[in-house]
Amino acid sequence: MNDIDPARRTLLRRIGGTTVATALFPGLLLSACGNGTSAGTRSATAARHGLERGPFDVDLRLRAQPGTAPILPGTPSEVWRYTAELRNGPADTVAPVGDSYTGPLIRLRRGQRFRARLENGLPEDTTVHWHGLHVPPDVDGQPRLPIKPGEAMTVAFEVRDRAGLYWYHPHPHGPDGGRVGFQSYAGLTGPLVIEDESERSLGLPAGDQEMILVLQDRSFAGDNELTYIGSGMGTMMRRMRGFLGDRVLVNGQPDAVREVATRPYRLRLVNGSNSRIYKLAWSDGRPMTVLGTDGGLLTAPLKQPFVTLAPAQRIDLWLDLSSSEPGDELRLLSQGYQAGMMNGMMGGGMMGDMMGGSELPAGARFPLLTLRVTRRESGGEPLPERLVDNLQTPAVNRDTLVRRFELGMAMMRGFTINGRRFEGTNVADDEVVRLGDTEIWEFANDTMMPHPMHVHGLQFTVVGRQQTGGRHGWGGLEDGLVDAGWHDTVLVLPGERVRIALTFEDFEGLYMYHCHNMEHEDAGMMRYYRVRA
Ligand code: C2O
Ligand code: CU
Ligand code: CU
């Protein structure tokens, strides 16, 4: 393949890859072709990991395959999408999320024994990663356990996590680089909710008053074809920065509108974008009321003017429309912020395109969702003053081991963690932790870009952050950070040192940690770590 016109390349015809600019940046510019993972060594039978035997409370079939979805008016777009079929379990375990490509909402209850048969109907390897869940390593959907085209894998685990919004997405990585960015961009992203008793007792808005919202940006060509990172001049820049689309979609729809009543709502957002960071705000300037983060509810609601939501992060918001009137409109916005010194030069147009620019650059201000009040309704519980009685956090003190991770950028080699790129399951001595230990991990970012750092297999708390280096033209995102509560992904801004506390419980073996800017992780800003008993 040798297309050289980045803007015209369509997503699903790109399988086959390209090498146009490789010579400029060989280590970083990874071809987009089907990843030839260690060919043919896995058997064609379904493998089983985690829980070995039933009974199972939930049994489902989750299939990834090509299809079409209506996104923009006119021709439906070609996408890759998840479909689910519930074979056993409570009827509300699986529900569609809009009518576009977004994967179905999977709703689980803490304590359930869950089993899924994962079927790969794609023309390349894939995996299903349960982002944020505390599950055994072999059912975590890591790249070392790919599902080949036409094959299936059965995974089963106990749902141990706190109530919260999690999500699932592919995690394949072959010798030519990662395919997380491509596959999730093609449409393979779905939300997963865990419920538990203590959350249910709060009586938070549910049913029509609960909105699950997946935020993503996409670009389109000619006949509504999705386009990903092209292959021309701008490719190198686009990969460095991460993909930015021209249109922002909510649950796979542009210009999202919801009709609402005069009552309280719960909005649960996941940033499923490849690289875009949102600075969320309400159009009427009211504060955002935060109920929870990646790993579930906070001790008490938190009010702040903005919420910064980096790729892979979730936020749980309370919105009371009781004092609105029919006819009112409220918009959820992404507020403007400064996104680096290069950003202005990388706008749209031909020059911008060569520089890897987007019509909707990082830091642009735009609406995400319009809430249109159409009816008066009373009722709904008031905002609880306390959400969680006894929020456990990892116990750290001055003797807690601090493990340091330097986020780096190496010319010709892309982004690195402690100077290393992804090396498959190779784990360095300083990437081995002990089962049961609590540690502090410090991410030090001296690059020119923010990195949303994600750790698999657990939730952590943010101990602190410090600005010690240059901001490199980034500004404004710091106003919206939510560091309270439990997280699996933390944004590390340029010049920052961010410390998190984590405990490695229950499972031993290989997990991953990486930047969740999907283009960064695909380019190798990702490593395995090992939990050793
Ligand atoms: Cu969404 Cu490796 O993660
Ligand atoms: Cu993950
Ligand atoms: Cu990054």
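Read the numbers this way: they start at 1 and go in the same order the structure lists the ligands and their atoms.
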Within 45° cone and under 6.0 Å: Lys279 NZ/CZ vs Phe306 ring: yes

Minimum-distance N/O/S atom that His520 presents toward the Cu ion (ligand 3): ND1

His129 backbone or side-chain N/O/S under 2.8 Å from the Cu ion (ligand 2): yes

Heteroatom test (N, O or S) for His456 near atom 1 (Cu) of ligand 1, limit 2.8 Å: no

Atom name of the N, O or S atom in His169 that lies nearest to atom 1 (Cu) of ligand 1: NE2

Polar side chain donor-acceptor pair, Asp140 to Gln142, under 3.5 angstrom: yes

Pair His520 + Phe415: ring centers closer than 6.0 Å: yes

His454 N/O/S atom closer than 2.8 Å to atom 1 (Cu) of ligand 1: no

Any N, O or S atom of His129 closer than 2.8 Å to atom 1 (Cu) of ligand 1: no

The Cu ion (ligand 3) to nearest N/O/S of His451 less than 2.8 Å: yes

Of all N/O/S atoms in His131, the name of the one nearest atom 1 (Cu) of ligand 1: ND1

Over 12 non-hydrogen atoms of neighbours within 6.0 angstrom of CZ in Arg160: yes

Cation-pi geometry met for Arg81 and Tyr101 (6.0 Å, 45°): no

